[in-house]
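Shown next, in structure tokens, is the structure this report addresses.
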Amino acid sequence: KNEVEQSPQNLTAQEGEFITINCSYSVGISALHWLQQHPGGGIVSLFMLSSGKKKHGRLIATINIQEKHSSLHITASHPRDSAVYICAARNRDDKIIFGKGTRLHILP
Amino acid sequence: EAQVTQNPRYLITVTGKKLTVTCSQNMNHEYMSWYRQDPGLGLRQIYYSMNVEVTDKGDVPEGYKVSRKEKRNFPLILESPSPNQTSLYFCASSLLQGAGNEQFFGPGTRLTVL
């Protein structure tokens, strides 16, 4: 069993829909990262959080430390949000463990 | 502009021919790392460096070498590449290792070993 599990693996939705991507982890963490990888391959960091909730534009990330669960939400989704979203947990030894990613496709 | 650069972006080579993928950052970051990304396996760490002359193995170091002679550069060396090293490689850096330090990724190098 992977230490960081994401769901769903693939998600197709219509433009405008509210999107939720989930991440569960089994290790103690010091921080959790959400990354975005566009079709061209480049990776950018979206959020880094260790508690509560963060918001940036239409993106919201939440984390529940007790339940070892994080979610990434996209409001009013747009085709340009189509990408692979990767959850990464930084454990207490500072090692980063990556989920396998969620491939999101937003249809116009 | 603050960035991590990698070269080359694409490389096709043959088994056994030594190659180096360069990585450079202009943010004065102490921590640098190499990852490979394979379908179905996600990102896996190859090597990392916490500062100049300090390097350590990640999860999949076999067949790779690194060096950190200067703070800004962290080259990845494949002494004798094999087809199972065909992958997409990313270099990343952060100010320090540890929670609260965002990682900045390079654009990736797609390597094919024939």
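Below, read A as the first sequence line, B as the second, and so on, with proteins coming before strands; counting in each chain starts at 1. The model shown is predicted, which means the values in this text are computed figures rather than measured ones.
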Working for side-chain contact (heavy atoms from CB on, under 4.5 Å), residues B/Leu88 and A/Gln37: CA-CA 12 Å; B/Leu88 179 58; A/Gln37 185 172 25; 4.1 Å; yes
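- No part of A/Ser50 comes within reach of chain B, as not one of its non-hydrogen atoms sits under 4.5 angstrom from that chain.
- There is no contact between A/Ile97 and chain B, counting heavy-atom distances below 4.5 Å.
- Atom CD of A/Gln9 is surrounded by 12 or fewer heavy atoms from other residues, nucleotides or ligands within 6.0 Å.
- Among residues two or more places apart in sequence or in another chain, the side-chain hydrogen bond (donor to acceptor under 3.5 Å, both in side chains) test is passed with B/Gln85 by none.
- For chain A, the nearby part of B/Tyr35 is the side chain; its heavy atoms alone come within less than 4.5 Å.
- The candidate from B/Gly40, B/Ala92, B/Gly58, B/Pro39 with the greatest count of non-hydrogen atom pairs under 4.5 Å with chain A is B/Gly40.
- If you measure heavy-atom distances from B/Leu43 to chain A, the contacts under 4.5 Å come from both the backbone and the side chain.
- Neither B/Tyr89 nor A/Ile86 shares a network with the other; the hydrophobic side chains, linked directly or stepwise wherever heavy atoms of I, L, V, M, F, W or Y lie under 4.5 Å apart, form separate groups for each.
- Summarising the local packing, CD of A/Gln14 is surrounded by more than 12 heavy atoms from other residues, nucleotides or ligands at distances under 6.0 Å.
- Only the side chain of A/Leu35 comes within less than 4.5 Å of a heavy atom in chain B; its backbone stays farther off.
- A/Trp34 is not connected to A/Phe98 by any chain of hydrophobic side-chain contacts under 4.5 Å among Ile, Leu, Val, Met, Phe, Trp and Tyr, and they are in different clusters.
- When the shell of 6.0 Å around CG of B/Leu41 is examined, it contains more than 12 heavy atoms from other residues, nucleotides or ligands.
- For chain B, no part of A/Leu32 is nearby; none of its heavy atoms comes within less than 4.5 Å.
- Separating the CD atom in B/Gln45 from the NZ atom in A/Lys95 is a distance of 7.5 Å, to the nearest 0.5 Å.
- Linking ILVMFWY side-chain heavy atoms closer than 4.5 Å, directly or via other members, places B/Val21 and B/Tyr64 in a single hydrophobic cluster.
- Within the model, atoms CD of B/Gln37 and CD1 of A/Ile43 stand 5.5 Å from one another, a figure rounded to the nearest 0.5 Å.
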